[in-house]
Amino acid sequence: MRMVGLTGGIASGKSTISNLFKSYGIPVVDADIVARDVVRKGSGGSKKVVAAFGEDILQDDGEIDRAQLLAPFISFGIFWEIVKLWIKGSKVIVLDIPLLFEAKMDHLAKPIIVVWVDPKNQLQRLITRDGISEEQARSRINAQTPLDWKRTKADMVIDNSGTLDETREQFQKVLTQVTRPLTWWEFGRSRKGALCFLVSVIVGVLVFRNI
Ligand SMILES: CC(C)(COP(=O)(O)OP(=O)(O)OC[C@H]1O[C@@H](n2cnc3c(N)ncnc32)[C@H](O)[C@@H]1O)[C@@H](O)C(=O)NCCC(=O)NCCS
Ligand SMILES: Nc1ncnc2c1ncn2[C@@H]1O[C@H](COP(=O)(O)OP(=O)(O)OP(=O)(O)O)[C@@H](O)[C@H]1O
């Protein structure tokens, strides 16, 4: 199975690209959705939030760092979504994980796509989308790992600074790369590959025993 990493910064266009993947029938595991699921009433994550926790979990502003507190639950939730898609027999899946590098999950995915946007557009889109002040938007962007650094770690970069049509054009090139035939390693990790391996071992053992 090929696990494609999709990441970027706040309002850089990750959801825009993951929707394009979905429109081509490629399943997407969305870490933000998993993050919401793990704090559903009665879940392990929600119990953890209710329970007492140490100072380490507080951010500079005194707020709880939910991303950090819930990281083990989110990682497990992502792993579970991957298992379900593996059982279904998906060959290519996209892991839409905003904190892919920060959570050190980048080794899971190949290739890694970083959705980049120039600072001016990022700020403007964040202000418009979330209806917040310029100051609030700047402080949210500045609290994050720089998008320029993420860009240097990418296998493929989608520059989402232009129009949606320009982004769609770049997406088509990425899609061609992402849907090319699986390598032997990727095939081995797919459900079909694992079955082939199992059948070969069984046949091998039977033949060997008859010699
Ligand atoms: C990041 C979290 C806390 C954001 O929660 P929420 O939407 O309520 O708040 P916030 O307004 O801060 O975020 C708005 C949007 O910005 C994005 N975002 C926030 N921080 C970052 C960041 N450092 N880099 C990129 N995008 C970010 C989020 O994906 C979200 O869609 C939450 O969605 C989460 O934990 N998501 C999964 C994070 C992840 O990738 N974890 C790695 C696996 S453990
Ligand atoms: N090329 C574009 N031109 C104009 N607007 C865009 C473009 N790409 C995305 N947008 C808009 O910018 C905003 C941010 O895009 P999107 O939600 O895809 O980013 P994101 O990286 O998923 O954000 P977050 O991580 O904050 O949820 C949205 O309101 C979206 O409609």
Side-chain angles (χ1 to χ4, degrees), residues 3-23 28-40 43-46 48-49 57-61 63-82 94-109 112-133 135-154 157-172 174:
M3 297 197 278
V4 179
L6 178 65
T7 194
I10 192 164
S12 73
K14 299 180 295 293
S15 307
T16 305
I17 299 299
S18 72
N19 286 336
L20 283 169
F21 275 116
K22 283 183 218 158
S23 72
V28 175
V29 175
D30 185 325
D32 282 339
I33 293 179
V34 174
R36 260 172 257 146
D37 283 351
V38 297
V39 283
R40 268 202 332 256
S43 65
S46 98
K48 177 106 183 187
V49 172
I57 215 64
L58 297 179
Q59 294 172 166
D60 292 346
D61 61 2
E63 291 289 330
I64 297 166
D65 187 342
R66 284 181 304 131
Q68 191 192 332
L69 178 72
L70 298 172
F73 295 94
I74 301 170
S75 306
F76 183 77
I78 290 171
F79 170 73
W80 186 235
E81 294 300 319
I82 294 171
V94 172
L95 306 180
D96 177 352
I97 305 184
L99 308 182
L100 185 77
F101 296 114
E102 295 88 334
K104 301 200 172 17
M105 292 175 89
D106 46 320
H107 61 275
L108 264 185
I112 292 176
I113 304 162
V114 168
V115 187
W116 188 84
V117 64
D118 69 68
K120 242 175 109 184
N121 272 309
Q122 182 181 30
L123 186 70
Q124 197 47 58
R125 286 176 193 168
L126 182 56
I127 293 169
T128 311
R129 189 195 61 185
D130 292 2
I132 54 176
S133 69
E135 201 192 338
Q136 282 171 314
R138 275 191 201 282
S139 88
R140 281 169 74 176
I141 293 170
N142 291 339
Q144 301 183 358
T145 309
L147 201 40
D148 282 339
W149 177 83
K150 290 191 179 180
R151 183 187 189 147
T152 66
K153 308 277 284 178
V157 176
I158 295 180
D159 181 352
N160 188 32
S161 309
T163 63
L164 281 173
D165 276 342
E166 283 166 335
T167 295
R168 276 191 209 107
E169 250 174 60
Q170 295 174 65
F171 172 79
Q172 285 304 328
V174 167

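Every number for a ligand or one of its atoms is a count from 1 in the order of the listing. Heavy-atom basis, side chains included; hydrogens, waters and symmetry copies ignored.
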| Salt-bridge criterion met for Arg140 and Glu135 (N-O under 4.0 Å) | no
| Distance filter under 4.0 Å to Ala71 heavy atoms, resulting ligand 1 atoms | 44 (S)
| query | Would you say ligand 2 has an N or O under 3.5 Å from any N or O of Ser15? | reply | yes
| task | Using a 4.5 Å cut-off on heavy atoms from C-beta on, say whether the side chain of Arg125 contacts that of Thr128. | result | no
| task | State whether any protein heavy atom lies less than 4.0 Å from atom 19 (O) of ligand 2. | result | yes
Please report, to 0.1 Å, the donor-acceptor pairs under 3.5 Å made by any side chain of residues 5-14, with sequence neighbours excluded.
from, atom 1, to, atom 2, distance (Å)
Thr7, OG1, Ile97, O, 2.8
Thr7, OG1, Pro98, O, 2.9
Ser12, OG, Gly9, N, 3.2
Ser12, OG, Gly9, O, 3.2
Ser12, OG, Val115, O, 3.0
Lys14, NZ, Gly9, O, 2.6

| query | Heavy-atom contact under 4.0 Å between Gly13 and ligand 2? | reply | yes
| When you measure from atom 10 (N) of ligand 2 to every protein heavy atom, which one gives the shortest distance, and what is it? | Arg125 CD, 3.8 Å
| query | How about Ile78 and Ile82: do any of their side-chain heavy atoms sit closer than 4.5 Å? | reply | yes
| task | Using a strict cut-off of 4.0 Å, indicate which atoms of ligand 1 neighbour a heavy atom of Ala31. | result | 37 (C), 40 (O)
| What closest approach, in Å, do Phe101 and Trp149 show between heavy atoms, and which atom pair accounts for it? | CB-CZ3, 3.8 Å
| query | Using a heavy-atom cut-off of under 4.0 Å, does the side chain or the backbone of Thr163 touch ligand 2, or both, or neither? | reply | backbone
| query | What is the nearest protein non-hydrogen atom to atom 30 (C) of ligand 2, stated with its residue, atom name and distance? | reply | Thr16 OG1, 4.4 Å
| query | How close does the nearest protein non-hydrogen atom get to atom 43 (C) of ligand 1, and which residue and atom is it? | reply | Met105 SD, 3.5 Å
| request: Return the orientation label for the Phe79 and Phe76 ring planes: parallel under 30°, perpendicular over 60°, tilted otherwise. | output: tilted
| Is there a nitrogen or oxygen of Asp32 sitting under 3.5 Å from a nitrogen or oxygen of ligand 1? | yes
| query | Starting from atom 27 (C) of ligand 1, which protein heavy atom do you reach first, and at what distance in Å? | reply | Gln144 NE2, 3.6 Å
| message | Do Val157 and Gln170 make a side-chain contact, defined as non-hydrogen atoms from C-beta onward lying under 4.5 Å apart? | response | no
| message | Is Ala143 close enough to touch ligand 1? Criterion: a residue heavy atom under 4.0 Å from a ligand atom. | response | no
| query | Which residue owns the protein heavy atom closest to atom 1 (N) of ligand 2, what's the atom, and how far is it? | reply | Asn160 OD1, 2.9 Å
| note | among protein heavy atoms, the one nearest atom 28 (C) of ligand 2 is Arg129 CD, 3.9 Å
| query | Hey, which atoms in ligand 1 end up nearer than 4.0 Å to a heavy atom of Ser75? | reply | 44 (S)
| What residue and atom, counting heavy atoms only, is the protein's closest point to atom 25 (C) of ligand 1, and at what distance? | Gly8 O, 3.2 Å
| Can Lys14 be said to touch ligand 1, with heavy atoms closer than 4.0 Å? | yes
| said: I'd like to know whether ligand 2 has Gly162 as a neighbour, heavy-atom separation below 4.0 Å. | reply: yes
| Could a heavy atom of Ser12 be found less than 4.0 Å from some atom of ligand 2? | yes
| query | Where's the contact between Ala103 and ligand 1, heavy-atom distance under 4.0 Å: side chain, backbone, both or neither? | reply | side chain
| Any non-hydrogen atom of Ser18 lying under 4.0 Å from ligand 2? | no
| Residue pair Arg168 / Asp165: nearest heavy atoms and the distance that separates them | NH1-OD1, 2.7 Å
| field | atom 13 (O) of ligand 1: nearest protein contact (heavy atom, Å) | value | Arg140 NH2, 3.8 Å
| request: For Lys22, look at atom NZ and say whether over 12 heavy atoms of other residues, nucleotides or ligands are found less than 6.0 Å away. | output: yes
| With no hydrogens and no angle check, is any side-chain donor or acceptor of Gln144 less than 3.5 Å from a backbone partner on Ile141? | no
| Do any N/O atoms on Ile10 end up under 3.5 angstrom from N/O atoms on ligand 2? | no
| task | Please report which non-hydrogen protein atom sits nearest to atom 25 (O) of ligand 2, along with the residue it belongs to and the distance in Å to one decimal place. | result | Lys14 NZ, 2.7 Å
| task | Heavy atoms only: give me the nearest Leu147-Val114 pair and the separation to one decimal. | result | CD1-CG1, 4.4 Å
| said: Return the closest protein heavy atom for atom 16 (O) of ligand 1 as residue, atom name and distance. | reply: Ile10 CG1, 3.2 Å
| query | Would Asp159 and Ser161 count as having a side-chain donor-acceptor pair, cut-off 3.5 Å? | reply | yes
| request: Quick one: closest heavy-atom pair of Gln136 and Ile132, and the distance? | output: OE1-CB, 3.3 Å
| request: Looking only at protein heavy atoms, identify the closest one to atom 34 (C) of ligand 1 and say how far it is in Å. | output: Ala35 CB, 3.5 Å
| request: Find all atoms of ligand 2 within a distance of less than 4.0 Å from any non-hydrogen atom belonging to Gly9, and give their numbers and elements. | output: 21 (O)
| note | re atom 42 (C) of ligand 1, the protein heavy-atom contact at minimum distance is Ile97 CG2, 3.6 Å
| query | In a check of side-chain contact (heavy atoms from CB on, under 4.5 Å) between Asp96 and each of Asp30, Ile113, Val4, which one passes? | reply | Asp30
| request: State, to 0.1 Å, how close Ile17 and Ile158 come at their nearest heavy-atom pair, and which atoms those are. | output: CD1-CD1, 3.8 Å
| field | Shortest heavy-atom approach to atom 41 (N) of ligand 1 - which of Asp30, Asp130, Leu99, Thr145 | value | Leu99
| said: With the threshold set at under 4.0 angstrom, would you say Lys104 reaches ligand 1 through any of its heavy atoms? | reply: no
| Any side-chain heavy atom of Lys153 sitting closer than 4.5 Å to one from Ile112? | no
| Do the side chain of Asn121 and the main chain of Val117 share a donor and acceptor less than 3.5 angstrom apart? | no
| Nearest protein heavy-atom contact for atom 8 (O) of ligand 1: which residue, which atom, what distance? | Arg66 NH2, 2.9 Å
| message | So, taking the atom named CG in Asp32 and the one named CG in Asp37, what distance separates them when rounded to the nearest 0.5 Å? | response | 11.0 Å
